[in-house]
Amino acid sequence: MKKLTSALLGLMTPLLLVQTAEAKTLYERIKSTIEKEVATEKIDEDIAEYIVEFYEDEWNLTTDDVHKIVSGDGNAVCGSKKLEEAGKTLPDCNQMIKAVTQMALDEKTIRSLAREMLATATSYELPLSDLPGRSLKLSADLRGILSIWSAGAGVVKKEEESEDGEEGEEETPSTLHTISADPEIFGDLLKKIGEELEKLPADEQVAAVWRYQYGVRLVDGQREPRFPRPEERGIVYVDDEDWPLFKRWDDLENAIWDMGFATGSEIQKIEADLTDDDVVYFVFSEDLLKENLPDNVLVWARREKSVNGTWNPNQFTDFGLQWETPLEPVFPSLWRRDRGIAYAGSYPYEPVDTEDGEQVPMDGNGLCTSPTPMRGYLCRPYVAVAPEERCPEPKDLPPGEISLIHCTTTGSLRFTAAGPDVCREVEWKVEQPFDANTQCKLNLRCANDCDKGEFKAVANPKDSKGVVDLCVENDTEGIPATYLMYHEMVHAYQFCTMEPGDELYEDLTHEEASALCCRIEGEAYRASCNMMEQDGVFQGASSGDIPMNAETCTEALTNAGCQNVEVDGKPLKGCYMSQTYPDGFVDALLAQMANNPKDVPASCEDATDPKLMDPRVAGLKESVETRNDVCRPGEQTSYTNRIGNNLCYIGQCVEESTELHRMTPGRTAAGVVDEVAPWDSPVAGSPLANLLLNPPLSQGSLPAYRPELLVREAEIALCQLQGLPPLTPPVLCIASANRQLEQPSVSGLQIAYNLVQQTQEQELSTADFLRLSPALGARAGTALYADYMREANRSFAGILDMAAQMLTEIKDIKFPTEMCPVGSGLPSPPAE
Amino acid sequence: MVSPASLHNAMNKYLTANGIRVTCAVGSLMLLAACQNIGSRRPQNITALSPCSAEGSVFEEIEFDDWAGEYHADVSGVVDAHIKQMADISESALQCTAEDYASVIPPSGALRSMAEKLPAWKEDDRLNRLSESDAGGVLMEFLRVYECSMNERSYYLSNKLLDEEGSMNLFDLQKKETEQRAIITRELDIARPAMARTLAIVGGFDRLAPLSVDIECLKRSSLDLRNVLGLAAEASACLPKAWDPHGSLRDLAD
């Protein structure tokens, strides 16, 4: 449709008066246009001028003469001519009248057709407009729904990659707001715009509305470089400045600018509530528009908050004019005031290739400068996943063929992983600064002496800046540093959510300190011993009768480790073990740990190098550093109230529950908010993924637009109407004398009569067909639209079906009315 | 702090109370998904076309001089109300749970008033089933009746003038006939193209109107869904604690 409008705008120049003062309804506007079209006795002034110039060498006519001839008073024109003048004699007079009348009729027919085409385009394009004050606002409503549904506070990574494989830039969808324009402030400003419009000739009034439909800032090039001015894209030609569509009207522009400046001061009043990516539309009331502007014309203003005292770099801010309902196109120039006639009208140039090889239409690109339409497929690269896949039309079309949908780039569609963090790809929380109280950063270092006695590695408590210092000695006595680092990383995970500067054993009794040590060291040793067992370090190893495995390793090392910890100058007591380990077991274990069957990074330098470190260590490191548990008791999380964000929060809580607590009976944690398996990296593993239902996603596809096929079908239909097989060219179907000649007839007179009647019959069916064509075209458009929506909505409906199912299940959960008793010493719950 | 159980009870109540609305949310999305049915939501079929005559129509009751004014004002009123109804859909009392699209938007006053003037909608039953989606059909029927009335008058113009005016001399009759014939010709030239172009535009709106209605219903139900999920999110904050075998969340008998 955009092309259709473009074609219309390109092909035409002005006429028809813009109605002023009295506001009309849509039907009244159309009716008055039709009255002009059917009134055979009247023609537009520029058509009269064109006819005068066209026949300048044959008959010396004035525009008054042309008007008289068209209104049926041609004989008077001939009569007033001098004897020697052309057109005086009866044959010449008849010829002149016939030629002038026919040309006037032809031009009127062309203009009528142009208006019909514009009406068809309007019926489809207008509802998709996002400007306030027009009939139907589908795109604006859709944006509203997206705002309710989508997750995120804004930034989303682009899905497609460019041809060179680089990931696309981040794209920030704008949030649209509306604000009512105060009549006290804008009344006079709109009146001034209306006055400037009314000063223009009728054809220029029409052209000016089209000219500023995407904004004066765009026309003035002030939204560059993001949105080049139309002229930069090759639309305007220096020698065509008098073509109304490409003219500039300084006084009118100034009036629009004044209105735009007024919106600036209005925006400042609400600036505190806006983000840099918000876009505000000013809503001018119907009365305000009708009182001050020509009929069917409206003004619009779109504004963003300024950034650093200048225009917002998103460059959506603009102000312009628009039709309430586009009914009047800009017609081809027939008559150029300074250069005489333009034979067959003045047409825009062919589309040009830009430097990057893209073929750019001559106009219509203004559509892609508005925040909502620019997200449509006409304005964005359409990605081919694999060669030709999802591409409705081939990229390389023969010259002159219209293509609405072809792949403009290659790349891959990216699906977000369902594993670590459900909304990992989306910044769904309101951005909060790093909080040293609840988050942490890691500092990995290697040293000759970590200053912790016999320990070869150590994790120091979080400092005031939120940094947990992890140190591994260069000489680890043969034990691969990877296992030591993994052990300390678990400690870092434990310390990460603690207050900075917390001393582990401060204010604890000796008993309590021992218990705490056994717990936190137990977790850390269980993680590193488990890792070693998986790597085969203990394969077949034993000491005496005791096999070496993750369990014995954990118990023995935890006990030994805690006995080496001194609190208040006294060593801790040690830990509960399932068996007594003989002296020398720990030494044997440490000796066995020096094996490195998996060849994990052994030196501290390698184990801490991000490029060389073991992926399990890297995964745990990432999960420690990104740890920001939203469901931690006392944790406050802020996000915009949207369906997607609520789901992100719920998903994250469920995920934390499954990753940190385990729901398997007998494997639950011992204490409140304790974790069952802190060594399981939520990043590396994805236990939740197995629990999730995957929505039935389909990539969707755009239906092919095949105008040539439609035209061929129309031609076939035309021939069928005439009772003929498809013929080429189809005009043969309009006038075929054979049909009557081949029929048996009683007399020659009958044949002659039938031939005459046949023409009339065919004219009628052709007229019917022409009348039906816009409706057929509209239905073809509907079919395309329905094809697309069918695919696109299927995925959406599938997701919602699952959402409904889950909500129903949540609704059906019966929570117990009695709480679980804690401990046997507590009283029983009251009986019902 | 509200306990998860009481919060969930509240949510249960909310869901029960708004179950219809949640169902509506999904239902309207299904409606959206079934967009291929856009064309199959049929307005009323006109099975009882009146004869091609002014008889029984509004044009039988008013003076010929008022025909054109009445016709164009009525059409203009219906078209204007139709567009306004679609433009202000966010403020309309939509029946989002209606079984078919025709029942979603009730007819405007102007449309109902026009239909009442037409023989095809004289029956109460048909009139009561009138929907705004029938606007195109009613307008086309009004045009047909108008053209039929004009043609009929054109065929029997002399007789009708004599009936209306009583006795007339030939000169006055011819003068009057010429005047009225010019009006008839002009109206027959204008009425259909004006209606065709109007419907070309309004028809495009109409074809998108079901989508517009679905989107509006979706928007409304999305807001309900957002509230439900807001409560669910609030409750889910307690999930990690809820999994614990014992802890501070358990109600201790105090």
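Protein chains get the first letters and strands the later ones, always in sequence-line order, with residue 1 at the start of each.
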**Message:** Counting C-beta onward and ignoring hydrogens, is there a side-chain heavy-atom pair between B/Ile201 and A/Leu327 closer than 4.5 Å?
**Reply:** yes
**Message:** Under the rule for side-chain hydrogen bond (donor to acceptor under 3.5 Å, both in side chains), what residues qualify as partners of B/Tyr146, not counting sequence neighbours?
**Reply:** B/Glu187
**Request:** Name the region of A/Ser112, side chain, backbone, both or neither, that has any atom closer than 4.5 Å to a heavy atom of chain B.
**Result:**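 Both parts, backbone and side chain.
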When rounded to the nearest 0.5 angstrom, what is the spacing between [atom1] in [X] and [atom2] in [Y]?
| X | Y | atom1 | atom2 | answer |
| --- | --- | --- | --- | --- |
| B/Arg226 | A/Asn645 | CZ | CG | 10.5 Å |
| A/Trp149 | B/Leu218 | CH2 | CG | 7.0 Å |
| A/Glu28 | B/Thr198 | CD | OG1 | 10.5 Å |

**CA sep, side-chain torsions, deciding dist, call: B/Val202, A/Leu26, side-chain contact (heavy atoms from CB on, under 4.5 Å)** = CA-CA 9 Å; B/Val202 177; A/Leu26 174 67; 4.0 Å; yes
If you take all heavy atoms of [X] and [Y], which pair is closest and at what distance?
| X | Y | answer |
| --- | --- | --- |
| B/Ala233 | A/Asn646 | CB-OD1, 3.7 Å |
| B/Ala194 | A/Ile34 | CA-CG1, 3.8 Å |
| A/Ser123 | B/Ala200 | CB-O, 3.0 Å |
| B/Ala237 | A/Cys653 | CA-SG, 4.1 Å |
| A/Ile643 | B/Ser222 | CD1-O, 3.4 Å |

**Prompt:** B/Val78, B/Leu229, B/Leu199, B/Asp80: which one forms the most heavy-atom pairs within less than 4.5 Å of chain A?
**Reply:** B/Leu229
**Asked** Taking non-hydrogen atoms and a cut-off under 4.5 angstrom, which of residues 66-76 of chain B neighbour chain A?
**Response**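 Listed by number: B/Tyr71, B/His72, B/Val75, B/Ser76.
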**Message:** If you count every heavy atom of other residues, nucleotides or ligands that lies below 6.0 Å from B/Glu179 atom CD, does the total exceed 12?
**Reply:**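 For B/Glu179, atom CD is crowded (more than 12 foreign heavy atoms under 6.0 Å).
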